[in-house]
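Let me begin by presenting the structure, written as structure tokens, before commenting on it.
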Amino acid sequence: MKQKLRHLLTQALKALQAKHVLPVEETFNVELDRPRHEGQGDLASNVALTLASQTSMRPRELAQRIVEHLPASALVRRVEVAGPGFINFFLSENAFQAIVEEILEAGHSFGRSDIGAHRSIQVEFVSANPTGPLHVGHGRGAAYGAAVADLLEAIGYNVHREYYVNDAGRQMNILATSVWLRYLELCGETVVFPASGYAGAYVRDIAAALKHELGASLCRSAADVAMQLPADAAQGGDAEVHVDALIDRARTLLGNQQYQLIYQRALTDILADIREDLEQFGVTYDCWFSEHSLTASGAVKRAIERLRASGHVYEKDKALWFRSTDYRDEKDRVVVRENGQTTYFASDIAYHMDKLERGFERVIDIWGADHHGYVPRVKAALSAMGDDPSRLDVLLVQFAILYRGGERVQMSTRSGEFVTLRELREEVGKDAARFFYVMRKCEQHMDFDLDLAKSQSADNPVYYVQYAHARVCSVFRQLKEKGLRHDRVNGNAHLPLLTEPHEQQLLAALGRYPEVVEAAALAHEPHQLCHYLRELANEFHTYYNAHTFLVEASDLRDARLNLIDATRQVIANGLGLLSVSAPERM
RNA sequence: GCGCCCUUAGCUCAGUUGGAUAGAGCGUUGGCCUCCGGAGCCAAAGGUCAGAGGUUCGAAUCCUCUAGGGCGCGCCA
């Protein structure tokens with residue numbers, strides 16, 4: 001619809017160019033908006049306001065000239081110049097009605113398009129450390145990332161979903177050691193659990209599984225473990241120093257093979273848990289990318305070599321530094337430590353190098369907002385390697401704060417006092433969780449009201465939208481019970497009977513859907529879709545209350561049934577993009 | 001201290017990337033079922049868009065400053 005009107009406007013502008021009213025060499029970017037207020041038409045353009053400065057005319061005068069040169073169209077009922085120089089289009093009733101047939105024909109693919117032209121795009125999201133179950137903070141990234149990916153796919157991009165697994169590094173060693181200490185407890189040893197260890201119950205579960213399968217083969221005496229360790233925080237020492245010493249002790253006492261056994265077991269168990277959790281949440285991946293594989297494949301080394309070759313690294317204090325300040329980072333960053341080990345940042349440079357080498361035209365990273373300081377250095381690395389940093393988009397997701405009974409729910413990962421994503425799903429359900437998470441703009445802090453998400457009432461926007469869907473289904477059940485038939489072809493033939501204001505408004509809302517999907521996808525803003533669905537549901541409920549669909553006259557009845565069936569289809573499609581179910585009964 | 005993000009109705013948030021008279025939901029108040037699902041609908045009240053300057057035909061939106069809040073500033077990941 002927009003495109004058709006845009007075409008008309010462009011025709012008019014070209015005509016004015018031919019008459020030298022407008023500069024000939026210009027190409028015009030014609031914008032069409034949905035006016036906010038009634039009486040301002042169905043679509044409006046501000047071209048006259050933006051172009052007036054290039055002419056000697058006032059905006060209103062130019063607008064009038066444009067209108068005079070508009071080609072006639074059956075879609076348009078009336079055109080007027082309004083306000084400071086807006087051109088308002090009033091569409092004919094038929095223009096709206098045609099959408100019903102279009103929706104019913106396209107079915108579940110209505111709203112999908114080919115704007116992305118199969119260009120490849122990677123979306124990496126969640127990528128939480130596999131040191132424990134996902135918590136509600138990760139949930140927002142999961143819901144948001146999945147929605148962005150699905151939206152992009154819906155407008156024709158070739159989307160690749162990926163999870164970066166931080167399976168290397170210190171945190172994983174702390175986890176492995178934590179598991180071992182719990183295992184020792186099961187062996188009857190009395191060990192003091194470190195302040196910086198992972199204290200969650202899942203650590204005990206992994207330890208118990210190990211004990212069950214391997215018996216006591218990994219047992220060592222508590223005295224050997226504790227011998228001459230630096231003091232933990234509780235004894236006035238440094239918790240981090242203490243836990244690092246514990247890791248070394250575990251390695252020495254167990255030997256590399258047994259230590260790796262525990263390490264790998266912890267990793268695979270937790271990863272399996274995360275994967276299952278996300279699947280239940282409606283989130284799946286094309287690839288789980290291992291950080292460790294970057295070292296094994298030599299990608300990290302190669303990335304560092306590329307930086308070196310471009311002259312952006314130097315040695316200082318026995319470490320190798322990347323001069324990221326050449327690219328507006330705040331300070332330079334270490335890539336190879338004093339002890340010869342590469343840093344996490346080095347892996348990340350290699351990872352992003354690898355992403356671009358795999359041929360994705362665009363790459364989207366979705367990170368927690370606490371990592372925002374990390375963006376400049378990753379982009380700097382891409383620049384230094386001669387890649388185009390604008391191929392990478394980093395989207396930052398703010399934290400969600402849970403409220404229950406009006407009180408803020410406190411959380412901290414290390415102490416094990418956190419609400420897991422799984423618990424959230426069990427408490428409020430997948431549908432409400434998915435919808436609530438993406439209801440807000442991602443860079444907004446979010447208050448997640450558990451009581452509201454759970455409530456099966458009008459306050460809850462998820463139920464409100466789903467209810468509209470269920471209501472349509474219910475009408476069709478009623479139809480059968482009354483022994484009536486729905487003739488879709490007849491309905492399409494009598495769409496011109498849909499002239500009630502409520503019907504016109506519902507039709508207009510349906511017609512907006514493809515634009516909403518496109519806008520939400522391109523802006524990476526699924527919340528636009530949420531708001532749209534709420535408005536659509538509202539239009540439907542209003543219509544429902546004002547008119548009876550199952551009327552005696554079969555022509556009108558069929559037309560109305562087509563309209564509400566189209567509404568049902570659009571709601572189902574929209575909810576589907578958010579992985580929220582569209583129930584037939586509630 | 002420096003950097004990034006945020007501040008819109010009592011509360012939670014939109015605001016189509018600079019457009020016309022500032023928009024929803026919740027909450028409050030008042031209405032609507034002999035009728036397809038009341039998990040619904042309608043109406044009213046509620047605003048110095050944190051504050052002050054600036055840019056232009058036009059600013060909640062862009063630039064500067066100020067005040068409040070969040071996050072980040074490791075040879076952790």
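Candidate nucleotides A14(B), C75(B), A20(B) were compared by shortest atom distance to the side chain of Arg440(A), and A14(B) ranks first. Among A77(B), C73(B), A39(B), the nucleotide with an atom closest to any side-chain atom of Glu291(A) is A77(B). Side-chain proximity of His531(A) to A39(B), G37(B), A14(B): nearest is A14(B). The Glu330(A) side chain lies nearest to G3(B) when the options are G3(B), C75(B), A77(B). Listed candidates were A39(B), C75(B), C41(B). Nearest to the side chain of Trp321(A) is C75(B). Considering only the side chain of Thr542(A), C42(B) comes nearest among C42(B), U17(B), A77(B). Side-chain proximity of His541(A) to the nucleotides C41(B), U12(B), G37(B) is greatest for C41(B). Minimum atom distance to the side chain of Pro35(A) is reached by A20(B), of the listed C5(B), A20(B), C41(B). For Ala44(A), taking side-chain heavy atoms from C-beta onward, the closest of the listed nucleotides A20(B), A39(B), A77(B) is A20(B). Comparing U16(B), G40(B), G69(B) against the side chain of Asn545(A) picks out G40(B) as the nearest.
Projected onto RNA chain B by closest heavy-atom contact, Gly373(A) and Leu479(A) fall at different nucleotides, the more 5' of which corresponds to Leu479(A). Taking for each of Glu525(A) and Ser474(A) the nucleotide of RNA chain B with the nearest heavy atom, the 5'-most of the two is the partner of Glu525(A).
Base orientation of U17(B): syn, since the glycosidic angle falls within 90° of 0. In this structure, C33(B) shows a glycosidic angle within 90 degrees of zero, which is the syn conformation.
The side chain of Thr343(A) places no N or O atom within less than 4.0 Å of a non-bridging phosphate oxygen (OP1 or OP2) of A77(B). Look at Gln444(A) and you'll find a side-chain N or O under 4.0 angstrom from OP1 or OP2 of A14(B). For Gln478(A), a side-chain nitrogen or oxygen approaches OP1 or OP2 of G37(B) to under 4.0 Å. For G15(B), the OP1/OP2 oxygens have a side-chain nitrogen or oxygen of His527(A) closer than 4.0 Å. Residue Lys441(A) places none of its side-chain N or O atoms closer than 4.0 Å to OP1 or OP2 of C5(B).
Cation-pi contact between Arg512(A) and Tyr532(A): absent, since separation from the ring centre below 6.0 Å together with deviation from the ring axis within 45° is not met.
Rounded to an integer number of Å, the gap from Trp367(A) CH2 to C4(B) P is 17 Å.
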Given Watson-Crick or G-U pairs with both distances under 3.5 Å, what dot-bracket string fits RNA chain B, with | for other-strand pairs and [ ] for crossing? (((((((..((((.....[...)))).(((((.......))))).....(((((..]....))))))))))))....
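In Arg328(A), the CZ atom is not crowded: 12 or fewer heavy atoms of neighbouring residues, nucleotides or ligands sit closer than 6.0 Å.
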Walk me through it: do Tyr403(A) and Asp451(A) pass the test side-chain hydrogen bond (donor to acceptor under 3.5 Å, both in side chains)? CA-CA 8 Å; Tyr403(A) 284 85; Asp451(A) 303 311; over 6 Å; no
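Only the C1' atoms considered, C33(B) is 32 Å distant from C13(B), to the nearest whole Å. When the C1' atom is compared between U61(B) and U8(B), the two are found 11 Å apart, to the nearest whole Å.
A donor-acceptor pair is defined here as one N or O able to donate and one able to accept, closer than 3.5 Å; such a pair exists between the side chain of Ser290(A) and the backbone of His292(A). Under the 3.5 Å distance criterion, the side-chain polar atoms of Asp332(A) are left unmatched by any main-chain donor or acceptor of Trp321(A). The backbone N or O of Lys331(A) sits less than 3.5 Å from a side-chain atom of Ser324(A), completing a donor-acceptor pair.
Near RNA chain B, meaning a heavy atom under 4.0 Å away, the residues from residues 332-340 of chain A are Val334(A), Arg337(A), Glu338(A).
For Arg488(A) and Asp565(A), the salt-bridge test passes: some basic side-chain N is under 4.0 Å from an acidic carboxylate O.
Taking the six-membered ring for Trp and the full ring otherwise, the centers of His524(A) and Tyr144(A) sit at least 6.0 Å from each other.
Checked against Phe448(A) for a ring pair (Phe, Tyr, Trp, His ring centres under 6.0 Å), the options Phe435(A), Tyr437(A), Phe399(A) give a single hit: Tyr437(A).
For Asp167(A) against A77(B), no side-chain N or O and base N or O form a donor-acceptor pair under 3.5 Å. Residue-to-nucleotide contacts include no donor-acceptor pair under 3.5 Å from the side chain of His372(A) to the base of C5(B). No hydrogens or angles were tested; on distance alone, nothing pairs the side chain of Asp370(A) with the base of G72(B) as donor and acceptor under 3.5 Å.
Residue ring and nucleobase are not stacked for Tyr464(A) and A39(B) under a centre distance beneath 5.5 angstrom and an angle between planes beneath 30°.
In this structure, the salt bridge (Lys or Arg N to Asp or Glu O under 4.0 Å) partners of Asp354(A), at least two apart in sequence or on a different chain, are Arg358(A).
Using a 30° and 60° split on the angle between ring planes, Tyr374(A) and His371(A) fall in the perpendicular class, above 60°.
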